[in-house]
Participant: 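Shown below is the structure under consideration.
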Protein chains: 2
Amino acid sequence: MSLDRSADDLLDRAFAALADPVRRSIVARLSRGPATVNELAEPFEISKQAISKHIQVLEQAGLVSRTREAQRRPVHLDPAQLEAVTAWIDRYRLIHEEQYRRLDALLESSEDTGGKEEKR
Amino acid sequence: MSLDRSADDLLDRAFAALADPVRRSIVARLSRGPATVNELAEPFEISKQAISKHIQVLEQAGLVSRTREAQRRPVHLDPAQLEAVTAWIDRYRLIHEEQYRRLDALLESSEDTGGKEEKR
DNA sequence: CTCTTTATCAACCGATTGATTGACTAACCT
DNA sequence: AGGTTAGTCAATCAATCGGTTGATAAAGAG
């Protein structure tokens with residue numbers, strides 16, 4: 001355990017994990033509190049093994065953790081990785097917004113210098 | 001075109017699109033402003049066709065759009081879908097945080113009453 | 001110890017994915 | 001018209017993914 005994955009690898013896994021509707025549904029359920037595999041499997045038609053695999057995918061993405069509690073393995077949400085995902089998106093959303101603002105300002109203030117500060 | 005996809009389908013596609021490091025890199029580049037396929041392909045070792053496919057994936061996820069400009073097809077970022085992705089995550093992050101707050105309050109108030117209000 | 005519950009492991013299967021190469025279309029330039 | 005530039009389409013291939021069934025492990029209950 002604790003395979004010290006690179007941050008990019010974790011981001012890959014987190015985005016990929018959230019790309020599946022079943023896994024997103026599991027995350028949604030877990031946001032209300034921990035649950036066992038059986039509880040998580042209950043709303044779906046698919047087998048418990050398939051759900052178990054989905055949980056492993058979420059776990060390797062750092063999105064959930066499992067603890068032991070008798071023969072049950074309660075799964076709980078790990079919000080830090082969710083934050084990392086939004087952080088990545090917000091970073092580039094903000095850069096884009098800023099670029100847009102600059103373009104607007106440029107168009108508004110001076111159309112005479114024809115400066116080309118694109119690229120990079 | 002314009003296949004009127006369901007919101008869930010778009011979310012699936014958006015998360016899946018962002019799960020690939022090449023595509024995230026493309027999004028990062030586009031946050032600085034529009035670019036052509038050749039410009040986007042330049043930093044990578046892979047073929048231009050592969051980049052073209054990546055752009056198609058981003059496009060079908062609603063993350064970017066393409067326009068025509070002579071024989072070039074400039075790609076630009078479409079921030080609305082990025083917002084939709086963060087919106088999904090933030091929704092459940094907040095629910096989880098709220099649950100946590102409630103649990104804390106419960107534990108604090110029943111510190112001496114031997115509270116046994118566990119689930120099950 | 002045996003039985004039940006809870007969950008994972010292992011092997012397998014069809015569909016999808018990321019990449020390649022080669023042929024093609026579209027617009028511009030002489 | 002012919003050539004160049006920019007990009008997509010099509011066929012192919014190995015690897016990964018989501019799901020299945022069957023066997024197994026681990027802990028509690030009788």
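Bear in mind that the values here come from a model prediction, so they are computed numbers and not experimental data.
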Participant: Send over the distance from A:Arg73 CZ to D:dA27 C1', rounded to a whole Å.
Facilitator: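 In whole Å, D:dA27 C1' lies 12 Å from A:Arg73 CZ.
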
Participant: Please determine if A:Asp20 and A:Arg24 form a salt bridge, counting it only when a charged side-chain N lies under 4.0 Å from a carboxylate O.
Facilitator: no

Participant: Let's test your reading of the model: under 3.5 Å, does the base of D:dA6 pair with the side chain of B:Lys48 as donor and acceptor?
Facilitator: no

Participant: At under 4.0 Å between heavy atoms, what does A:Gln49 touch on the DNA or RNA strands: base, sugar-phosphate, or nothing?
Facilitator: base

Participant: When the distance from CD1 of A:Ile46 to P of D:dC17 is rounded to whole Å, what number comes out?
Facilitator: 16 Å

Participant: Are A:Glu97 and A:Arg101 ion-paired here, with the side-chain N under 4.0 Å from a carboxylate O?
Facilitator: no

Participant: CD of A:Glu42 versus P of C:dA7: gap in Å, rounded?
Facilitator: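 Interatomic distance, CD of A:Glu42 to P of C:dA7: 13 Å.
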
Participant: Does a side-chain N or O of A:Arg23 approach OP1 or OP2 of D:dG18 to a distance below 4.0 Å, or not?
Facilitator: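 For D:dG18, OP1 or OP2 has a side-chain N or O of A:Arg23 closer than 4.0 Å.
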
Participant: Ignoring the backbone of A:Arg68, work out which of C:dA19, D:dA27, D:dG19 is nearest its side chain.
Facilitator: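 Looking only at heavy atoms from C-beta outward on A:Arg68, the closest nucleotide is D:dA27.
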
Participant: Is A:Ser47 near enough to D:dT20 that one of its side-chain N or O atoms lies under 4.0 angstrom from OP1 or OP2?
Facilitator: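 Yes, because at least one side-chain N or O of A:Ser47 sits under 4.0 Å from OP1 or OP2 of D:dT20.
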
Participant: Between D:dC9, C:dA7, D:dA27, which nucleotide gets closest to the side-chain atoms of A:Ala70?
Facilitator: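 Between D:dC9, C:dA7, D:dA27, the one nearest the side chain of A:Ala70 would be D:dA27.
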
Participant: Indicate whether OP1 or OP2 belonging to C:dA19 is found under 4.0 Å from a side-chain N or O atom of B:His54.
Facilitator: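 Looking at the OP1 and OP2 atoms of C:dA19, one of them is under 4.0 Å from a side-chain N or O of B:His54.
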
Participant: Rounding to a whole Å, what distance do you find between A:Ile55:CD1 and D:dC17:P?
Facilitator: 17 Å

Participant: Answer yes or no: are there more than 12 heavy-atom neighbours, outside B:Phe44 itself, under 6.0 Å from its atom CZ?
Facilitator: yes

Participant: Parallel, tilted or perpendicular: which describes the rings of A:Phe15 and B:Phe15, with under 30° parallel and over 60° perpendicular?
Facilitator: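 Correct class here is tilted.
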
Participant: Evaluate the criterion side-chain contact (heavy atoms from CB on, under 4.5 Å) for residue pair B:Leu30 and B:Leu58; output intermediate values, then yes/no.
Facilitator: CA-CA 12 Å; B:Leu30 291 178; B:Leu58 289 166; 5.5 Å; no

Participant: From CG of A:Leu58 over to C1' of D:dC17, roughly how many Å is that when rounded to an integer?
Facilitator: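 It is 14 Å, rounded to the nearest whole Å.
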
Participant: Report the distance from atom CD of A:Gln71 to atom C1' of C:dT4, rounded to the nearest whole Å.
Facilitator: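 Rounded to the whole Å, the gap is 9 Å.
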
Participant: Measure from the side-chain heavy atoms of B:Arg72 and tell me the nearest of D:dG7, C:dT21, D:dG18.
Facilitator: D:dG7

Participant: Please confirm whether the shortest side-chain N or O distance from A:Gln56 to OP1 or OP2 of C:dC9 is below 4.0 Å.
Facilitator: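 Answer is yes, contact under 4.0 Å.
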
Participant: Please confirm whether the shortest side-chain N or O distance from A:Asn38 to OP1 or OP2 of C:dA7 is below 4.0 Å.
Facilitator: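 So the side chain of A:Asn38 is within the cut-off, an N or O lying under 4.0 Å from OP1 or OP2 of C:dA7.
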
Participant: Round to a whole Å and report the spacing from CD of B:Glu69 to P of C:dA26.
Facilitator: 19 Å

Participant: From the options C:dA7, C:dA19, D:dT21, select the nucleotide whose nearest atom is closest to the side chain of A:Thr36.
Facilitator: C:dA7

Participant: Choosing from D:dA27, C:dT21, D:dA11, which nucleotide comes nearest the side chain of B:Lys53?
Facilitator: D:dA11

Participant: From CD1 of B:Ile51 over to P of C:dG18, roughly how many Å is that when rounded to an integer?
Facilitator: 12 Å

